[in-house]
Each structure stands twice: as structure tokens, then as C-alpha cells.
Amino acid sequence: PSPPTVVINLDEEPELRWLALKKVFDVDYLSKAAAEIIEATVPKWVHHAVIPIVKSLEKYIPPPYAGEIRGLASVLGGNLADAIILNFAYEFTAF
Amino acid sequence: CTSIVAQDKNGNVFHGRNLDYPHPVLRNLTMNLVFQKNGKAVYYGTSFAGYVGLWTGMSPNKFTISGDQRGTEHWWNWWKNVVSAFLFHRSPVSWLVRETLEEAKDFEDAVTRLSTTPLITGVYYIVGGVRAGEGVVITRDRKGPADIRPLDPLNGGWYRVQTNVDHWLPPPKKLNRRDVVMKKLDAVGQKRICKDKLYQVLSLSLVCLRTTIYTTLMSAATPREYTTILREKG
């Protein structure tokens with residue numbers, strides 16, 4: 001089987017680019033899957049502890065990624081901290 | 001992960017990769033991406049819904065890139081990643097792949113960017129081009145390259161294989177994917193190497209694992225043939 005194809009229009013504002021995911025994926029499923037990945041990767045108490053820290057780090061994320069992650073957060077149900085944690089999964093695995 | 005870049009006798013360059021990750025839920029989040037500008041595709045990639053970076057991608061008629069995890073750090077070094085990211089404004093490894101696909105003008109430019117741009121943490125970048133000899137494995141530290149290993153077809157180096165271990169170190173005895181892949185590639189030979197053979201190599205039982213999420217096959221010279229296959233239970 002091949003995965004679905006999603007077109008990302010780079011001419012759109014970064015916040016809007018990833019809304020195209022909604023055409024291909026079930027939004028409820030996406031948000032549950034994101035929660036599952038975070039739960040399996042980050043211990044619960046660490047997750048709770050880092051949420052305010054991660055939110056404050058948003059201002060250090062350069063464009064266009066800050067806008068894109070904000071847009072993704074809205075697709076995933078509005079949780080910006082979780083969207084940031086997901087996008088730094090590789091870099092912060094040990095953390 | 002396992003990445004292979006190989007060149008046939010006619011100078012065609014092929015690039016294949018298995019992406020391994022121990023969360024089966026990612027299979028249902030995998031997608032091929034077409035990044036467009038002015039209605040035209042500027043680069044392609046494969047990623048997971050919810051993730052803006054790329055670990056696999058192609059700039060058509062220029063080059064292909066895959067990234068493999070490099071796990072040389074001890075867990076107590078996590079703070080170096082945090083400092084790298086936010087104090088030194090270094091790039092996450094998957095964002096550099098996207099920027100390179102979007103901005104680099106050719107294979108050489110891509111290799112320079114992937115080798116020298118400061119990163120949050122280490123990684124292996126595997127790059128394939130469109131001309132004979134254009135293939136390389138870059139072993140990255142945070143600050144720069146730890147090692148650069150290009151194809152060397154005139155001296156028998158018609159392929160390069162990268163897993164998750166530095167090539168100068170012995171592979172783990174329990175999971176020696178590197179030797180399994182090299183043995184199979186040697187058996188196939190440079191005359192017969194093609195995308196189908198590459199797929200067969202990446203499907204070997206010790207190479208395609210239960211944790212393998214997808215396999216991508218690509219050749220920048222023939223961008224329409226960019227293919228991703230979802231793996232079910234390896």
C-alpha cells in the first residue's frame with residue numbers, strides 16, 4: 001500500500017499550509033495519535049512539567065516553522081505545547 | 001533506519017531508505033508530500049501528519065536526501081540539545097532537509113549545506129544526485145561533519161550503506177543490518193542494480209523490521225518514479 005499524498009502550498013501563510021491535512025486525515029484520529037505518541041515518548045510527569053516551558057520557547061522558533069506548528073496545533077485540537085513537543089521528538093528524545 | 005545510495009554501470013544513481021520507528025501508529029500518519037510554489041511542485045517528501053520536518057525528500061532533477069538517526073549521545077547530554085536549539089538557534093535535523101530541498105541549487109550545494117549548517121544534534125544524511133559519482137553519506141556532529149563518505153565507483157565503491165551506527169565502528173552483533181545489506185548488494189552487483197533490486201534489499205528479513213514504517217525509493221533524475229511503500233509489521 002502507498003500512503004496518501006498531501007499538497008502543501010508554500011504560497012499560503014504558514015499557519016494555513018497544513019490545514020490540507022484535514023482533507024486526508026480524520027482530525028479526531030490525528031489528535032488521538034499525537035497524544036499516543038507523546039504518551040509513549042515523554043513520561044507523564046515530565047510532560048506536565050514542560051508544558052509551560054515549551055510554550056515560552058515558541059518565540060525562539062524561526063519562521064516559517066513557528067507559523068506552521070501553530071497551524072498544526074489548530075489541526076491537532078489547539079494544543080500548541082504538544083505540537084511543539086511532537087516536532088522536536090528526535091532532538092529531545094532523551095529529554 | 002537503513003539508507004542506501006547506489007550507482008549502476010550507466011551512471012544512474014538510486015536512493016532507497018527504510019524508516020524505522022517503534023510506534024505502529026505512525027503507519028496511519030504516513031503521507032507523501034508535494035510542496036508547491038506558483039502551482040508548480042518544487043520538492044517532494046515523505047513524513048508524518050503533525051510533523052513539519054522531513055526525513056526523506058527529493059528536489060526533482062537535482063538530488064535526493066534521507067536522514068538516519070545517529071545515537072552517539074548519552075541520555076544525560078539532553079541539555080546540550082536544548083542549549084543548541086534555543087541559545088545557539090541551531091537547526092533541527094529535519095528542518096535542514098526541508099530548507100536544503102527548497103534552496104540548494106544542485107547536489108554539491110546540498111552536500112555543502114547538509115555538512116556545514118550547525119544542528120541541534122547529530123545525524124546521518126544520505127544524499128544522491130543526478131550524475132555519476134553523485135552520492136554521499138555525511139556523518140554529522142552538532143557543529144559540522146564528523147565524516148564524509150562519497151561514492152567511489154572507480155575503486156569499487158558503487159554503493160554506500162548507512163544504518164544507525166558510524167561506519168568506522170563495528171555493527172551490533174544482534175542486529176547487523178549493515179553487513180546483510182552489503183552482502184546482498186555485492187550479490188546483486190553494479191550491473192543489475194535498479195530500484196526493484198534496491199527494494200528487494202530493503203525487504204530482507206533482517207533489514208525490514210517490525211518497526212519499519214515505510215520504504216521510499218527515489219532517483220532525482222527520474223522524479224516521477226518517487227515511490228513510498230507502507231510496511232505492515234516489517
Side-chain angles (χ1 to χ4, degrees), chain A residues 1-12 14 17-18 20-22 24-27 29-41 50 53-54 56-57 59-62 64-73 75-76 82-95, chain B residues 21-23 25-39 41-53 55 67 69 71 73-82 84-87 89-95 98 102 119-121 123 213-214 227-232:
Chain A
S2 296
T5 298
V6 177
V7 176
I8 302 297
N9 183 355
L10 297 171
D11 296 321
E12 282 187 329
R17 288 173 190 172
W18 293 91
L21 289 178
K22 288 182 176 179
V24 176
F25 293 95
D26 176 71
V27 174
Y29 179 78
L30 276 186
S31 120
K32 280 178 194 157
E36 197 181 312
I37 294 165
I38 289 174
E39 201 178 302
T41 315
V50 298
I53 306 170
V54 170
S56 71
L57 293 178
K59 58 179 175 286
Y60 294 99
I61 298 175
Y65 303 109
E68 290 193 12
I69 292 172
R70 266 197 300 274
L72 270 175
V75 174
L76 297 173
D82 280 359
I84 294 173
I85 291 170
L86 270 183
N87 276 277
F88 282 86
Y90 173 62
E91 281 78 9
F92 292 159
T93 299
F95 180 63
Chain B
Y21 204 80
H23 294 299
V25 71
L26 290 182
R27 280 196 185 89
N28 299 328
L29 301 179
T30 304
M31 57 188 172
N32 279 331
L33 290 160
V34 182
F35 291 86
Q36 289 188 342
K37 260 185 191 172
N38 300 318
V42 283
Y43 61 100
Y44 298 80
T46 303
S47 192
F48 305 115
Y51 194 72
V52 301
W55 284 83
Q69 183 181 13
E73 294 285 348
H74 292 295
W75 67 268
W76 54 83
N77 280 332
W78 62 266
W79 62 272
K80 291 184 184 172
N81 290 359
V82 177
S84 292
F86 297 110
L87 204 58
H89 300 287
R90 287 179 177 168
S91 179
V93 297
S94 62
W95 296 4
R98 251 186 85 177
E102 189 166 341
L119 292 170
I120 290 175
T121 190
V123 72
I213 306 289
Y214 68 78
T227 309
T228 297
I229 303 107
L230 289 173
R231 298 293 200 166
E232 290 187 30

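Remember, predicted model here, so these are calculated numbers, not experimental data. First the proteins, then the strands, lettered A, B, ... as listed; each starts at 1. What's counted below: heavy atoms across the whole structure, side chains too, no hydrogens, waters or symmetry copies.
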- Interchain contact, A:V75 with chain B, by part (heavy-atom threshold 4.5 Å): neither
- Keeping to residues at least two apart or across chains, list the side-chain hydrogen bond (donor to acceptor under 3.5 Å, both in side chains) pairs with something in residues 41-52 of chain B. B:N32-B:T46, B:Y43-B:R98, B:Y43-B:E102, B:T46-B:Y226, B:T46-B:T228, B:Y51-B:W55, B:Y51-B:S94
- Query: Atom CG of B:L33 and atom CG of A:L21: how far apart are they, to the nearest 0.5 Å?
  - Reply: 8.0 Å
- Go through the atoms of B:V123 and report whether side chain, backbone, both or neither lie under 4.5 Å from a heavy atom of chain A. both
- Message: Working to the nearest 0.5 angstrom, can you tell me the gap between A:E12 CD and B:Q36 CD?
- Response: 10.0 Å
- Assess whether side-chain contact (heavy atoms from CB on, under 4.5 Å) is satisfied between A:F25 and B:N28, documenting all intermediate values. CA-CA 9 Å; A:F25 293 95; B:N28 299 328; over 6 Å; no
- Task: Let me know which of A:I8, A:L72, A:L86 forms a side chain to side chain contact (heavy atoms under 4.5 Å, CB included) with B:V52.
- Result: A:L72
- Message: Looking at A:N87 and B:G50, would you say the former's side chain and the latter's main chain have a donor-acceptor pair under 3.5 Å?
- Response: yes
- Just give me the residue among A:D82, A:L30, A:V6, A:V7 that pairs up with chain B most often, heavy atom to heavy atom, under 4.5 Å. A:V6
- Looking only at B:A49, B:G39, B:A41, the option with the highest number of non-hydrogen pairs under 4.5 Å against chain A is B:A49
- Can you say whether A:A34 sits under 4.5 Å from chain B via the side chain, the backbone, both, or neither, judging by heavy atoms? neither
- Relative to the ring of B:F35, is the ring of A:W18 parallel (under 30°), tilted (30 to 60°) or perpendicular (over 60°)? perpendicular
- Item | 4.5 Å side-chain heavy-atom contact, B:P92 and A:Y65 | no
- Query: How far apart are the C-alpha atoms of B:F48 and A:I37, what are their side-chain angles, what is the distance that settles it, and do they pass the side-chain contact (heavy atoms from CB on, under 4.5 Å) test?
  - Reply: CA-CA 12 Å; B:F48 305 115; A:I37 294 165; over 6 Å; no
- Between CG of B:N38 and CG of A:D11, what distance do you get to the nearest 0.5 Å? 5.0 Å
- Can you name the nearest heavy-atom pair linking A:A40 to B:H23, along with the distance? CB-CE1, 3.1 Å
